[in-house]
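Structure, as structure tokens:
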Amino acid sequence: MLVPYFPIDTNLLFCGRRKIEAMQEVKEAKRGGGATMQQSGSVRLKEKTVKDMMVDRKRLVEVPYTASLAQTMNTLVANKIVAVPVAAPPGQWIGAGGSMIVESDKQTGAVRKHYIGMVTMLDIVAHIAGDDHLSGGDNITQDLDQRMSDPVSSIIGHSFEGLSLWTLNPNTSMLDCMEVFSKGVHRAMVPVDGQEENVASGAELAESASSYQILTQMDMLKFLHGRAAELHSILSRSVQDLGADTVQIYAITDRTKLGYAIKCLKAAMLNAVPIVRASDVGQDDHKQLINGRCRKLIGTFSATDLRGCHITSLKSWLGISALAFTEEVESSPLYSESDMQNRGSSRRELVTCYAESPLSEVIEKAVTNHVHRVWVVDQEGLLVGVVSLTDVIRVIRHSLLSDSNDQ
């Protein structure tokens, strides 16, 4: 967890009394103007709502509850997304977390469909990694075919995020939205033309609208990134000051096979893990997660990487290392030129920062490379911490709330 740090100004400690008084007058004037600007910026940000972050959002991509996992993965690949809501006929299902999120006709109010949950790439990965069939054997292809033919409705709720379905009303304040995202929720559905009686702040378990859109942590970070000047005081603090140095960092080695890497993601319910260099003394268990702290960082394996291959390709790659897979999937035609540009000049470029790096740099790298975590390394490239989007949003929200309490 990142903890905000408030530095103490010691510049005046060694000045004479008259010099102190003169400098203090100047500093107070500057500080007053700067504080006014920052407070004004904070006020403007706190007045923003979910609606302000939904500009130019595309219509919702969804899958029916009868879609197979293979069809669902193809939908994720085709639309370059990592999560999709599952729709079912009304009155036949209980939504994730007991939610009742329905799409209704705008004119008549008649319910057309019920969204019963959100399925992510991690859910599919976790299903693929079930039991021990990824360890190898003659039936591995048959096992994968069987699992990928299962209906998508059968895996709802297999991950933390899938246990509930979140909605955020367009009029929800940005601070309330940040509270949801700061607790590890990665995305929420936002109703378009919702029923007036359902309009309220915060997350809701019941919602009816003629259509929906999705708001993600990354959407929020891009919104905040575009208003960095209004957040200067918090974004200027270093990663180290904010407590991103981590004692335990789950990782895999460069010798971990893809099949075991997928199992590792499932075991810890992680969307991504760092790949570190294997120990020369041979004490690493390449089939399990290890503590990657102070190990040489050489790559990242993410559930999102599976977006770059069809299930037929995955079958032939299960026996290679996860590191080799991340390098080979880079050349997949499913990653278009525009997708590569969104991730920077090199998709496999490690996205890292130093303990001394300001939070503004972390946000810049996360947005530019479209990643959900930035690894913290030392000058030798050894892994010492990690900053996630959840951490960033939590810290910024805490800062905005602190500003409110100080006023």
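Below, each value reflects all heavy atoms present in this structure, side chains not excepted, and no hydrogens, waters or symmetry copies. Each residue takes its place number in the sequence, starting with 1.
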Decide yes or no for L323 and I252: does some side-chain heavy atom of the first lie under 4.5 Å from some side-chain heavy atom of the second? no
The ring-ring contact (aromatic ring centres under 6.0 Å, His included) partners of Y250 (sequence neighbours excluded) come to none
Rounded to the nearest 0.5 Å, what separates atom OG in S173 from atom NZ in K48? 13.5 Å
Dump the intermediate steps for side chain to side chain contact (heavy atoms under 4.5 Å, CB included) on T216 and H186, then the final yes or no. CA-CA 6 Å; T216 67; H186 294 160; over 6 Å; no
Does the K365 side chain pair with the main chain of T352, one donor and one acceptor, at a distance under 3.5 Å? yes
Test item: Q248 and R293 side chains (from C-beta on) under 4.5 Å apart, heavy atoms: no
Does N79 use its side chain to pair, donor to acceptor, with the backbone of T75 at less than 3.5 Å? yes
CG (L221) and CG (L389) are apart, to the nearest 0.5 Å, by 5.5 Å
If you apply the rule side chain to side chain contact (heavy atoms under 4.5 Å, CB included), what do you find for E361 with V374, and how did you get there? CA-CA 10 Å; E361 179 182 323; V374 176; over 6 Å; no
Nearest non-hydrogen partners of V190 and P170, listed with the distance: CG1-CG, 3.9 Å
Between CD of Q217 and NE2 of H372, what distance do you get to the nearest 0.5 Å? 6.5 Å
Checking M121 against M73 for the side chain to side chain contact (heavy atoms under 4.5 Å, CB included) test, could you report, in this order, the C-alpha distance in whole Å, the side-chain angles of both residues, the deciding distance, and whether it holds? CA-CA 7 Å; M121 186 66 79; M73 180 176 277; 3.9 Å; yes
Main chain of S279, side chain of D284: is a donor-acceptor contact present, judged purely on distance under 3.5 Å? yes
In Å, rounded to the nearest 0.5 Å, how long is the span from OG1 of T72 to CD1 of I155? 7.0 Å
Is it the case that more than 12 heavy atoms not belonging to Q92 sit under 6.0 Å from its CD atom? yes
Go through the steps for L400 and L231 under the test side chain to side chain contact (heavy atoms under 4.5 Å, CB included), then give the verdict. CA-CA 9 Å; L400 291 174; L231 295 166; 4.0 Å; yes
Show the nearest heavy-atom pair for residues M189 and P85, with the distance to one decimal. SD-CB, 4.3 Å
So, taking the atom named CG in L270 and the one named CG in L289, what distance separates them when rounded to the nearest 0.5 Å? 6.5 Å
Is it true that H127 and D150 share a donor-acceptor pair across their side chains at a distance under 3.5 Å? yes
Is there a donor-acceptor pair under 3.5 Å between the side chain of S302 and the backbone N or O of T304? yes
Taking the side chain as C-beta and beyond, is there a heavy-atom pair between M220 and C177 under 4.5 Å? yes
Donor-acceptor pair, side chain of Q213 and main chain of V192, under 3.5 angstrom: no
If you measure only the distance, is there a donor-acceptor pair under 3.5 Å linking the side chains of E62 and Y115? yes
As an exercise, state the distance from CD1 of I363 to CD1 of I393, rounded to the nearest 0.5 Å. 9.0 Å
Using a 4.5 Å cut-off on heavy atoms from C-beta on, say whether the side chain of V82 contacts that of T120. no
Which atom names give the shortest non-hydrogen contact between K257 and G319, and what distance separates them? CD-O, 3.1 Å
Would you call the rings of W93 and Y65 parallel, tilted or perpendicular, taking 30° and 60° as the class edges? perpendicular
Close side-chain approach of C353 and V376, heavy atoms under 4.5 Å: yes
Without hydrogens or angle criteria, can the side chains of T172 and N169 be said to hold a donor-acceptor pair below 3.5 Å? no
Could you tell me whether a side-chain N or O of R295 sits under 3.5 Å from a main-chain N or O of R277, the two making a donor and an acceptor? yes
Go through D219 and K222 one step at a time and tell me if the salt bridge (Lys or Arg N to Asp or Glu O under 4.0 Å) criterion holds. CA-CA 5 Å; D219 294 328; K222 289 179 178 178; 5.4 Å; no
Minimal non-hydrogen separation, T326 against T300, with atom names: CG2-O, 3.4 Å
R397 side chain reached by E179 side chain, heavy atoms, under 4.5 Å: yes
Side-chain heavy-atom pair Y354, V377 within 4.5 angstrom cut-off: yes
Over 12 non-hydrogen atoms of neighbours within 6.0 angstrom of CD1 in I320: yes
Please tell me if the side chains of K46 and L175 come closer than 4.5 Å, counting only heavy atoms from C-beta onward. yes
For a quick test of reading the model, state the closest non-hydrogen atom pair linking V111 to P90 and the distance between them. CG1-CB, 3.6 Å
For D378 and E380 the tightest heavy-atom approach is OD1-N, 2.9 Å
With sequence neighbours excluded, residues passing side chain to side chain donor-acceptor pair (under 3.5 Å) with T256: T253
Any donor-acceptor pair under 3.5 Å linking the side chain of D285 with the backbone of K287? yes
Strictly distance-based, threshold 3.5 Å: is any side-chain N or O of S399 a donor or acceptor partner for the main-chain N or O of I396? no
